[in-house]
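This report concerns only the one structure given below.
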2 protein chains.
Amino acid sequence: MEEIDRAIVAALTADGRLSYTDLAERVGLSVSAVHQRVRRLEQRGVIKGYGARVSYEAIELPLSAFIAIRPLDPSQPDDAPDRLSHLPEIDSCYSVAGEDFYMLLVRVASPAELERLLQQIRTAANVTTRTTVVLSTPYEGRPPRITSSSGG
Amino acid sequence: MEEIDRAIVAALTADGRLSYTDLAERVGLSVSAVHQRVRRLEQRGVIKGYGARVSYEAIELPLSAFIAIRPLDPSQPDDAPDRLSHLPEIDSCYSVAGEDFYMLLVRVASPAELERLLQQIRTAANVTTRTTVVLSTPYEGRPPRITSSSGG
DNA sequence: ACTGAAATGTAGAACGC
DNA sequence: GCGTTCTACATTTCAGT
């Protein structure tokens, strides 16, 4: 990816509602050129979408947890992500190296809901679960550093 | 939170660039009423901000990992999140129950960068680390279900 | 691939209800 | 707290280079 596209992506990850006018000023191009580039970034899948960052406490989902899962029968075809995708409490599903097969990040309203969700996950995907409750979130979803070379 | 505010938040988590005009149609209010409500949601911190969702592969950060950390000296004051917040590779920092103190989600360009980052984390926060590499991400950052009652 | 400009649509504020 | 109106600004498209 090239310099100006990186600047555009960096600006939009930090503020997804920036106008094309503001964006154009920042990167030093005309509004229509920036617009064109954003459309291309969206079409190429570099930008996958836009979202509001919300307070999960405020929307009454104050309890987050990581759930590591492992199939009861590792010889079965492994389609756990598909079997779980209908559960809206699951924020994210990562396939991981190590002892477990997947790591889920979930958001629920209460311990009782977490218990119910764990049962649903176990039966829907035929897995065992190991749950790590989140006590607080010092920070989350920070905008990535978008680099020219791979330097750190 | 009340019905219409929930609808607004749900719509904006799914598409953070929705215009107030579109939003107004969906929730059945005038544009100015919706605008007012969004401003209040932002001021109350229900909506914390807006961001583009990007492909981490496309921005040359193809390697994600979870890093569980634990202080070497648990009697010391615990300010690991502050000591680590300057590292842009850290996407999120969660304080967790269980054997570990914090769980980090990090994004790097390569295994070599992950190794360097782990060293930085260990020395900056005086912690041991246990790293779980992400192999793939079936889904991530899905919009939450925004509920009226607490039903699942 | 960028610029400039024209037409349409949206944001943001003032005012009354 | 909502709706209406109005002005300024932003988005989007298109012709030109």
Side-chain angles (χ1 to χ4, degrees), chain A residues 1-61 141 143-150, chain B residues 1-61 141 143-150:
Chain A
M1 207 171 42
E2 165 261 342
E3 188 62 26
I4 293 175
D5 283 347
R6 275 195 297 269
I8 290 171
V9 172
L12 286 176
T13 52
D15 181 357
R17 280 185 85 97
L18 270 179
S19 70
Y20 295 117
T21 307
D22 285 352
L23 220 41
E25 276 185 32
R26 297 197 190 195
V27 306
L29 281 183
S30 71
V31 172
S32 59
V34 166
H35 193 178
Q36 225 171 55
R37 278 170 180 263
V38 171
R39 290 175 72 86
R40 260 181 287 140
L41 289 165
E42 289 168 354
Q43 282 168 5
R44 284 162 43 202
V46 176
I47 294 172
K48 296 193 290 186
Y50 302 88
R53 285 187 288 269
V54 302
S55 159
Y56 291 98
E57 290 78 20
I59 62 170
E60 290 148 57
L61 296 172
R145 169 100 114 32
I146 292 170
T147 51
S148 331
S149 53
S150 64
Chain B
M1 205 172 44
E2 165 262 341
E3 188 61 26
I4 293 175
D5 282 348
R6 274 196 298 269
I8 290 171
V9 172
L12 285 176
T13 52
D15 181 358
R17 279 185 86 95
L18 271 179
S19 70
Y20 296 117
T21 307
D22 285 352
L23 218 41
E25 275 184 33
R26 298 197 189 197
V27 306
L29 282 182
S30 72
V31 172
S32 64
V34 167
H35 194 171
Q36 231 171 49
R37 278 169 178 264
V38 171
R39 291 175 72 87
R40 260 180 287 137
L41 289 166
E42 289 168 354
Q43 282 168 5
R44 283 162 43 202
V46 177
I47 293 172
K48 296 193 290 187
Y50 302 88
R53 286 188 287 271
V54 302
S55 159
Y56 291 98
E57 289 78 19
I59 63 170
E60 289 148 57
L61 296 172
R145 168 97 116 32
I146 293 169
T147 51
S148 331
S149 53
S150 64

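Just so we're on the same page: letters track the sequence lines, and every chain starts at 1. All values derive from a computational prediction rather than experimental measurement.
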Query raised in the report: Could B/Arg39 and B/Glu42 be called an ion pair, given the rule that one side-chain N must be under 4.0 Å from one carboxylate O?
Result: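 No, B/Arg39 and B/Glu42 are not salt-bridged.
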
Query raised in the report: Passes side-chain contact (heavy atoms from CB on, under 4.5 Å), A/Leu41 versus A/Met1? Steps please.
Result: CA-CA 10 Å; A/Leu41 289 165; A/Met1 207 171 42; 4.1 Å; yes

Query raised in the report: If every non-hydrogen atom of A/Asp5 is compared with every non-hydrogen atom of A/Arg44, which pair is closest and at what distance?
Result: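 Taking A/Asp5 first and A/Arg44 second, the nearest heavy atoms are OD2-NH1, 3.9 Å.
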
Query - Heavy-atom pair with the smallest gap, counting every atom of A/Val27 and A/Ala7 - result: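 The answer is CG1-CB, 3.9 Å.
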
Gap between atoms [atom1] and [atom2], on [X] and [N] respectively (whole Å):
X	N	atom1	atom2	answer
B/Gln43	D/dG1	CD	P	11 Å
A/Arg37	C/dC2	CZ	C1'	9 Å
B/Ile8	D/dC2	CD1	C1'	12 Å
B/Leu23	C/dG12	CG	C1'	15 Å
A/Arg40	C/dC2	CZ	C1'	10 Å

Report task. Would you confirm whether B/Arg17, through its side chain, and A/Gly49, through its main-chain N or O, come within 3.5 Å as a donor-acceptor pair? Result ->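 A pair under 3.5 Å: no.
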
Query - Inter-axis angle, terminal five-pair segments of the helix from C/dA1-D/dT17 to C/dC17-D/dG1 [nearest 10°] - result: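 Overall, the helix from C/dA1-D/dT17 to C/dC17-D/dG1 bends by 30° from one end axis to the other.
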
Report task. Using a 4.5 Å cut-off on heavy atoms from C-beta on, say whether the side chain of A/Val38 contacts that of A/Leu12. Result ->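 Yes, at least one pair of side-chain atoms sits under 4.5 Å.
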
Requested in this report: Indicate yes or no: at least one non-hydrogen side-chain atom of A/Val54 is less than 4.5 angstrom from one of B/Ile146.
Outcome: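 They are not in contact (no side-chain heavy atoms under 4.5 Å apart), so the answer is no.
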
Query raised in the report: If you look only at pairs with a residue in residues 25-54 of chain A, which of them pass as a ring pair (Phe, Tyr, Trp, His ring centres under 6.0 Å), with sequence neighbours excluded?
Result: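 Every ring pair (Phe, Tyr, Trp, His ring centres under 6.0 Å) pair that includes a residue of residues 25-54 of chain A, provided the two are not neighbours, is A/Tyr20-A/His35.
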
Report summary line: Scoring nucleotides 7-17 of chain D by protein non-hydrogen atoms under 4.0 Å (B base, S sugar-phosphate only, - none) yields ---SSBB----

Requested in this report: Using a heavy-atom cut-off of under 4.0 Å over every strand shown, decide if A/Ala33 touches base, sugar-phosphate, or nothing.
Outcome: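 Counting heavy atoms under 4.0 Å across all strands, the contact made by A/Ala33 includes a base.
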
